[in-house]
Amino acid sequence: MTTFTPVRPHADVFAPLRQWLERIEIHNAAIAHFLCKLIPSQCPFERDVMVFGKKLFHIPPMCKLNPFYEQVVGLRFKALCFLADECGEDITAYC
């Protein structure tokens with residue numbers, strides 16, 4: 001007779017840090033500017049490799065491999081919203 005052992009889902013070790021990042025609120029313009037400068041608007045790793053004007057290959061964006069990608073992008077968005085809505089600043093320099 002065969003018995004099956006139930007498979008337990010693995011614990012998400014990053015969950016507490018993800019939750020902490022999601023709970024951060026922006027209340028300071030200097031911090032908001034710092035975050036907008038620190039966190040890029042696009043993945044900095046995506047690029048085309050060119051030799052003599054010919055595209056050899058494309059390196060896809062790898063940011064989605066970061067386990068905190070969604071939270072970091074959300075934090076940048078919160079900072080941009082704070083600057084635009086609360087401070088009334090022009091945020092086109094960060095876009």
Side-chain angles (χ1 to χ4, degrees):
M1 181 170 169
T2 306
T3 60
F4 294 100
T5 306
V7 178
R8 292 184 215 154
H10 65 283
D12 185 7
V13 296
F14 297 122
L17 188 54
R18 280 193 194 106
Q19 292 170 356
W20 177 76
L21 284 169
E22 288 175 355
R23 286 193 308 260
I24 293 176
E25 293 184 16
I26 309 297
H27 297 291
N28 184 331
I31 292 173
H33 282 288
F34 174 74
L35 289 173
C36 290
K37 290 177 186 174
L38 180 69
I39 303 169
S41 61
Q42 299 178 23
C43 184
F45 304 111
E46 180 180 23
R47 64 191 67 222
D48 293 327
V49 177
M50 309 280 280
V51 174
F52 301 117
K54 299 274 186 176
K55 178 178 162 183
L56 289 181
F57 57 92
H58 175 77
I59 300 173
M62 307 250 237
C63 292
K64 293 268 181 167
L65 299 176
N66 180 350
F68 306 109
Y69 175 76
E70 296 294 329
Q71 288 74 25
V72 171
V73 169
L75 187 58
R76 184 178 196 277
F77 182 71
K78 287 179 192 178
L80 286 171
C81 289
F82 175 79
L83 289 173
D85 297 340
E86 302 295 324
C87 300
E89 295 187 21
D90 182 21
I91 59 169
T92 55
Y94 297 117
C95 298

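Position 1 is the first residue of the sequence; numbering continues from there.
Interatomic distance, CD1 of Ile26 versus CZ of Arg76, reported as 12.0 Å (0.5 Å rounding). For the atom pair His33 NE2 and Tyr94 OH, the distance stands at 4.5 Å (nearest 0.5 Å). With rounding to the nearest 0.5 angstrom, the CD atom of Gln71 is 9.0 Å from the CG atom of Asn66.
Under a hydrophobic-cluster definition in which Ile, Leu, Val, Met, Phe, Trp and Tyr are linked whenever side-chain heavy atoms come within less than 4.5 Å, directly or via other members, Ile31 and Trp20 are assigned to the same cluster. A chain of hydrophobic side-chain contacts below 4.5 Å, direct or via other Ile, Leu, Val, Met, Phe, Trp or Tyr residues, connects Leu75 to Leu17. Using a 4.5 Å cut-off between side-chain heavy atoms of Ile, Leu, Val, Met, Phe, Trp and Tyr, with links allowed through other members, Val72 and Phe82 fall into the same hydrophobic cluster.
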Donor-acceptor list for residues 54-64 side chains, cut-off 3.5 Å, not counting sequence neighbours:
from, atom 1, to, atom 2, distance (Å)
His58, ND1, Asp48, OD1, 2.6
His58, NE2, Glu46, OE2, 3.4

Sequence neighbours left out, cut at 3.5 Å: what donor-acceptor pairs do the side chains of residues 35-43 make with other protein atoms?
none

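The neighbour count for Phe34 CZ, taken as heavy atoms of other residues, nucleotides or ligands under 6.0 Å away, does not exceed 12.
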(request) Would you check, one step at a time, whether the test side-chain contact (heavy atoms from CB on, under 4.5 Å) holds for Asp12 with Arg18? (result) CA-CA 10 Å; Asp12 185 7; Arg18 280 193 194 106; 2.4 Å; yes
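Using cut-offs of 30° and 60° for the angle between ring planes, the Phe68 and Phe14 rings count as perpendicular.
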